Chemist: 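If you scroll down you'll find the structure; I have some questions about it.
Quantities reported herein were computed from a predicted structural model and do not represent experimental measurements.
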Amino acid sequence: MTSATRIEHDSMGDLEVPAHALYGAQTQRAINNFNISQQTMPSTFIRALLQVKMAAAEANRQLDQLDVEIAAAIQKSAKGLLNSDDLMDHFPIDIFQTGSGTSTNMNANEVLAHLAAMMCGQEVNANDHVNAGQSSNDVIPTSIHVATSIGLAHELLPALNHLKQVMNAKAESLKDIVKTGRTHLMDAMPVRMDQTIYAWSNQIQQNIRNLEQLQPVVQSLAQGGTAVGTGINAHPNFAALFCQVLSQQTGLDFTEADNRFSQIASQDTAVSVSGQLKTLAVSLMKIANDLRWMNSGPLAGLGEIELEALQPGSSIMPGKVNPVIPEAVAMVAAQVIGNDTTITVAGQSGNFELNVMLPLIASNLLHSIHLLTQASLVLADKAIATFKVNEARLQEALARNPILVTALNPIIGYAKAAEIAKLAYREQRAIIDVAEEHTDLTRAELTKLLDPDHLTRGGLA
């Protein structure tokens, strides 16, 4: 042993560990074995795992399964880590590790045992004390649910509500502005700007509602199932008390799983959440691309809106400005869709009594929540709230839009209206001028019938 290391012991024997490390032999073995991606588990997952360990220690204390001083030391150690700036220095294990996440669970057990022993002056064992009444097989699925629940409640849902509010405010401010509608990227009947933006807002609201409906399922926990779901080595009241303590710690309503076997053997809930995150990503992609198209130009594109200029758009073309926020959001959406595919494949790896791709599911799910949270905030504040409308461009396009002739269908018939529209296209003339020449309707009647704002109200002429 050198001065920079110390000897730690586990069931496989002795092993050198860095002298300054809070972890022990099992963590070091994982570090040695899994030098794959140089990406560690997300800090949000580690924080949830520490919350789980705190709640487990308190539940075991109340059930007389753990010495009072040791339980208190474990809880204080976990709180100290949660408040530390160097938290992740103590959790160095690669995402790509044993599929149960046992290495990460033991990493937490060893760090907490080391700190708790120093705090209470007693021997604290990573397995017998910190992991009392637990198994990696219920701790890691539980931590996935806890981290996801916290991420939804405190990050993503607030961000989506902010995005919806910004959209609604923008829509209200633009309620009197009419633009050319588009289907198949081709000119269609007019719509108001508020109708377009409220449609986006409704997409976000639907995503909020769907995520909220998943929250009770996500807050149902596998803890207490231990190795395979039977609850071996856990006190019969451990699961209920654990959920009660964890709910008090977090302010969220956690409950025992109806069936802990399925919560350990499968990750169907994580797959469901990821599927909804993918739906949100699709919604954001649609909104981002609408903004890009509306902003296109400014001369040779649609040029309907002007997004806030945030940075130079080209290293060679002076004065060019690009729609950088919608592009960033679209890339986030693509990444989340990819994460969902990974989670879908990983969710199929529930072999008999245990899913064996838990770290990968945790990493991708929490990555998606984080990305969508930040993308929603930046889309709201740096794109939706700040874009300006080019009203002159909108009016120019509306005045020349032959599709307005659709409003005359009930009066002159579809065939006659199509004939007028084609003539207006061919001669590049305003539809009202052509209709006046080829129908018995007066200019005043046509002005009323073809009024773009009137046409956005629906109904019959």
Side-chain angles (χ1 to χ4, degrees), residues 41-56 58 78-79 81-83 87 138-168 201 203-223 239-240 242-258 263 267-281 283-284 332 336 339-340 343 358 361-381:
M41 294 294 286
S43 62
T44 48
F45 179 84
I46 298 301
R47 298 180 74 84
L49 175 57
L50 292 173
Q51 293 273 14
V52 167
K53 294 298 175 181
M54 287 171 59
E58 177 59 20
K79 287 180 182 177
L81 286 169
L82 288 170
N83 292 324
L87 169 65
D138 61 358
V139 165
I140 299 301
T142 293
S143 298
I144 292 174
H145 279 221
V146 173
T148 300
S149 299
I150 292 171
L152 292 178
H154 298 319
E155 297 177 24
L156 182 55
L157 286 169
L160 292 178
N161 276 299
H162 175 68
L163 175 58
K164 181 186 71 172
Q165 290 165 6
V166 169
M167 286 177 169
N168 290 347
S201 174
Q203 285 184 272
I204 300 304
Q205 178 57 43
Q206 289 177 9
N207 280 285
I208 291 171
R209 186 182 304 116
N210 292 339
L211 287 168
E212 288 176 340
Q213 289 174 348
L214 283 169
Q215 281 182 294
V217 184
V218 182
Q219 289 166 206
S220 172
L221 305 179
Q223 201 64 54
F242 169 86
C243 288
Q244 180 183 324
V245 173
L246 186 64
S247 297
Q248 292 169 350
Q249 286 177 193
T250 61
L252 300 176
D253 185 18
F254 290 106
T255 59
E256 296 180 70
D258 293 334
Q263 291 273 33
Q267 281 293 299
D268 291 351
T269 298
V271 173
S272 295
V273 174
S274 180
Q276 182 52 49
L277 297 178
K278 178 183 71 175
T279 302
L280 172 57
S283 297
L284 292 178
V332 164
V336 170
N339 287 350
D340 177 68
I343 292 168
L358 296 176
I361 290 171
S363 176
N364 279 266
L365 191 60
L366 297 176
H367 187 218
S368 290
I369 290 172
H370 174 74
L371 287 177
L372 290 169
T373 297
Q374 298 306 119
S376 297
L377 293 172
V378 76
L379 181 65
D381 296 338

Chemist: Can you name the residues that form a side-chain hydrogen bond (donor to acceptor under 3.5 Å, both in side chains) with Ser274, not counting sequence neighbours?
Modeler: Asp340
Chemist: Roughly how far, to the nearest 0.5 Å, is the CG atom of Leu358 from the CD1 atom of Ile140?
Modeler: 7.5 Å
Chemist: Would you please test Leu157 and Ile208 for side-chain contact (heavy atoms from CB on, under 4.5 Å) and show each step?
Modeler: CA-CA 7 Å; Leu157 286 169; Ile208 291 171; 4.0 Å; yes
Chemist: Hey, could you give me the CG/CG distance between Leu284 and Leu372, rounded to the nearest 0.5 Å?
Modeler: 6.5 Å
Chemist: What pairs with His162 under side-chain hydrogen bond (donor to acceptor under 3.5 Å, both in side chains), at least two apart in sequence or on another chain?
Modeler: Asp381
Chemist: Holding to side chain to side chain contact (heavy atoms under 4.5 Å, CB included), I want the full list of residues that pass it with Ser363, two or more places apart in sequence or in another chain.
Modeler: Pro42, Ile95
Chemist: Which value, rounded to the nearest 0.5 Å, describes the distance between Leu221 atom CG and Ser247 atom OG?
Modeler: 8.0 Å
Chemist: Could you tell me which non-hydrogen atom of Asp138 sits nearest to which non-hydrogen atom of Thr142, and how far apart they are?
Modeler: O-OG1, 2.7 Å
Chemist: To the nearest 0.5 Å, what is the distance between CG (Leu214) and CD (Gln219)?
Modeler: 10.5 Å
Chemist: Quick one: closest heavy-atom pair of Ala380 and Val166, and the distance?
Modeler: O-CG1, 3.4 Å
Chemist: Mind checking what makes side chain to side chain contact (heavy atoms under 4.5 Å, CB included) contact with Gln248, not counting sequence neighbours?
Modeler: Gln244
Chemist: So, Gln223 side chain and Ala56 main chain: donor-acceptor pair closer than 3.5 Å or not?
Modeler: no
Chemist: Ignoring hydrogens, what is the shortest heavy-atom contact between Arg47 and Leu82? Give both atom names and the distance.
Modeler: NH2-O, 2.9 Å
Chemist: His370: what forms a side-chain hydrogen bond (donor to acceptor under 3.5 Å, both in side chains) with it, not counting sequence neighbours?
Modeler: none
Chemist: For Asn364, check side-chain hydrogen bond (donor to acceptor under 3.5 Å, both in side chains) against everything at least two apart and list the hits.
Modeler: none
Chemist: Would you compute the distance between atom CD of Gln374 and atom CD of Glu155 and round it to the nearest 0.5 angstrom?
Modeler: 7.5 Å
Chemist: Are side-chain heavy atoms of Leu277 and Leu211 found at a separation under 4.5 Å?
Modeler: yes
Chemist: Which atom pairs, one a donor and one an acceptor, fall under 3.5 Å between side chains of residues 147-154 and the rest of the protein, sequence neighbours left out?
Modeler:
| residue | atom | partner | partner atom | Å |
| --- | --- | --- | --- | --- |
| Thr148 | OG1 | Ile144 | O | 2.7 |
| Ser149 | OG | His145 | O | 2.7 |

Chemist: Stepwise, does the side-chain contact (heavy atoms from CB on, under 4.5 Å) test hold for Gln215 with Glu212?
Modeler: CA-CA 5 Å; Gln215 281 182 294; Glu212 288 176 340; 3.8 Å; yes
Chemist: Mind checking side chain to side chain contact (heavy atoms under 4.5 Å, CB included) for Ala55 and listing every partner two or more places apart, or none if nothing turns up?
Modeler: Phe242, Val245, Leu246, Gln249
Chemist: For the residue pair Ser220 and Ala257, what are the closest heavy atoms and their distance?
Modeler: OG-CA, 3.1 Å
Chemist: Tell me the salt bridge (charged side-chain N to carboxylate O under 4.0 Å, His left out) pairs involving residues 245-257, sequence neighbours left out?
Modeler: Glu256-Arg260
Chemist: Indicate yes or no: at least one non-hydrogen side-chain atom of Leu156 is less than 4.5 angstrom from one of Leu280.
Modeler: yes
Chemist: CG of Asn168 to OG of Ser201: how many Å apart, nearest 0.5 Å?
Modeler: 3.5 Å
Chemist: Might you point out which heavy atoms bring Val218 and Val273 nearest each other, and give the distance in Å?
Modeler: CG2-CG2, 3.5 Å
Chemist: With sequence neighbours excluded, what pairs up with Thr279 under the side chain to side chain contact (heavy atoms under 4.5 Å, CB included) test?
Modeler: Asn207, Gln276
Chemist: Under the salt bridge (Lys or Arg N to Asp or Glu O under 4.0 Å) test, which residues partner Lys164, sequence neighbours left out?
Modeler: none
